[in-house]
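Report on the following structure.
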There are 2 protein chains.
Amino acid sequence: MAINRKMEFAADEIALADLAKAISHPARIAILKILARQKSCICGEIVEGLPLAQATVSQHLKELKSIGLIKGTIEGKTSCYCIDWDVFNQFISHFGVFAELAQNASVQSQSCC
Amino acid sequence: MAINRKMEFAADEIALADLAKAISHPARIAILKILARQKSCICGEIVEGLPLAQATVSQHLKELKSIGLIKGTIEGKTSCYCIDWDVFNQFISHFGVFAELAQNASVQSQSCC
DNA sequence: TATATTCATCGTATATTTGCGATATAAAAT
DNA sequence: ATTTTATATCGCAAATATACGATGAATATA
């Protein structure tokens, strides 16, 4: 973009947008699904479950980790990832904001367009 | 990207990622908040509420409309937008998938990393 | 110790997104 | 009929995101 106007928005809007961006790629959705399914934290198995090169998967994992949606620790030769449910559930609950705003205005039921 | 591997993912993962992408920008979050607050559908007021040029806002509105999160109709000289709550609420409910997967594996409580 | 395995990071190519001025379109006002 | 107003679209420039091969670092194995 010509100018980055991101900082001119409210902090909570930026935060929600950043979290949404973190899951705005099918590979990262797929990674989260794999992690949600696994009882034990997996690592390179994620690569096998995706149609992407190892380097690319590692990059997606890094993105999810940097936003906090997943945690990762190195266990010997392998890396172990899992969902940080605190962050994840809090993220989901943020969407309630829209319903609250609508409820205050009692708008949701009436479709005007 | 060198190669577009998007189509090699599951359709529902692509759909969820696309919806997440639609709200992955603070301007689009802000637009949805404005629309949720308003009893009547607004139009150019959105432009005034954002730190962006009219052309840019129009582009964001187009994105939200094309994914279906908002509806828009032309009313005389102005355009009227509002949230499509059916689509929006269904989108939010899709996030339940992760919790379900985790519950089946009874993983959510135990943090392994 | 040498080698293999696992994963992260670097560098790079390409694709997509973002932003805006300029312009088009269409209704309303003069 | 002309001008103003509201909005969409086009075309471009700059920023980001995506993908991967090559390489590095660290551990495990022969």
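Chain naming here is simple, since letters A, B, ... match the order of the sequence lines and numbering starts at 1 in each.
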With sequence neighbours excluded, give me every salt bridge (Lys or Arg N to Asp or Glu O under 4.0 Å) pair touching residues 22-34 of chain A.
->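 Checked against salt bridge (Lys or Arg N to Asp or Glu O under 4.0 Å) - neighbours excluded - the pairs reaching residues 22-34 of chain A are A/Arg28-A/Glu63, A/Lys33-B/Asp12, A/Lys33-B/Glu13.
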Restricting to pairs with a member in residues 14-24 of chain B, which pass salt bridge (Lys or Arg N to Asp or Glu O under 4.0 Å), not counting sequence neighbours?
->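 Sorted pair list: B/Lys6-B/Asp18.
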Touch class at under 4.0 angstrom, heavy-atom based, for B/Lys21 against every strand present | sugar-phosphate
Letter by letter from the 5' end, nucleotides 6-12 of chain C scores (B base, S sugar-phosphate only, - none; protein heavy atoms under 4.0 Å) SBBB---
Nearest-angstrom distance from the residue atom [atom1] of [X] to [atom2] of [N]:
X	N	atom1	atom2	value
B/Arg5	C/dA15	CZ	P	14 Å
A/Asp18	D/dT16	CG	P	12 Å
B/Ile31	D/dT7	CD1	P	13 Å
B/His25	D/dA15	NE2	C1'	11 Å
B/Glu63	D/dT9	CD	C1'	14 Å
A/Leu64	D/dT18	CG	P	11 Å
B/Glu75	C/dA26	CD	P	18 Å
B/Ile14	D/dT18	CD1	C1'	15 Å

At under 4.0 Å, does any side-chain N or O of A/His60 touch on OP1 or OP2 of D/dA19?
-> yes
Can a side chain N or O of B/Asn4 be found less than 4.0 Å away from OP1 or OP2 on C/dT14?
->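 No, B/Asn4 has no side-chain N/O under 4.0 Å of OP1/OP2 on C/dT14.
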Taking the side chain as C-beta and beyond, is there a heavy-atom pair between B/Tyr81 and B/Ile34 under 4.5 Å?
-> no
A/Trp85 and A/Phe88 aromatic ring geometry - parallel, tilted or perpendicular at 30°/60° bounds = perpendicular
Check the angle between the aromatic planes of B/Phe95 and A/Phe91 and answer parallel, tilted or perpendicular using the 30° and 60° thresholds.
-> perpendicular
Can you tell me how far the CZ atom of A/Phe98 sits from the CD1 atom of B/Ile92, to the nearest 0.5 Å?
-> 7.5 Å
Mind listing the closest non-hydrogen atom pair of B/Leu32 and B/Ile70 along with its distance?
-> CD2-CG2, 3.7 Å
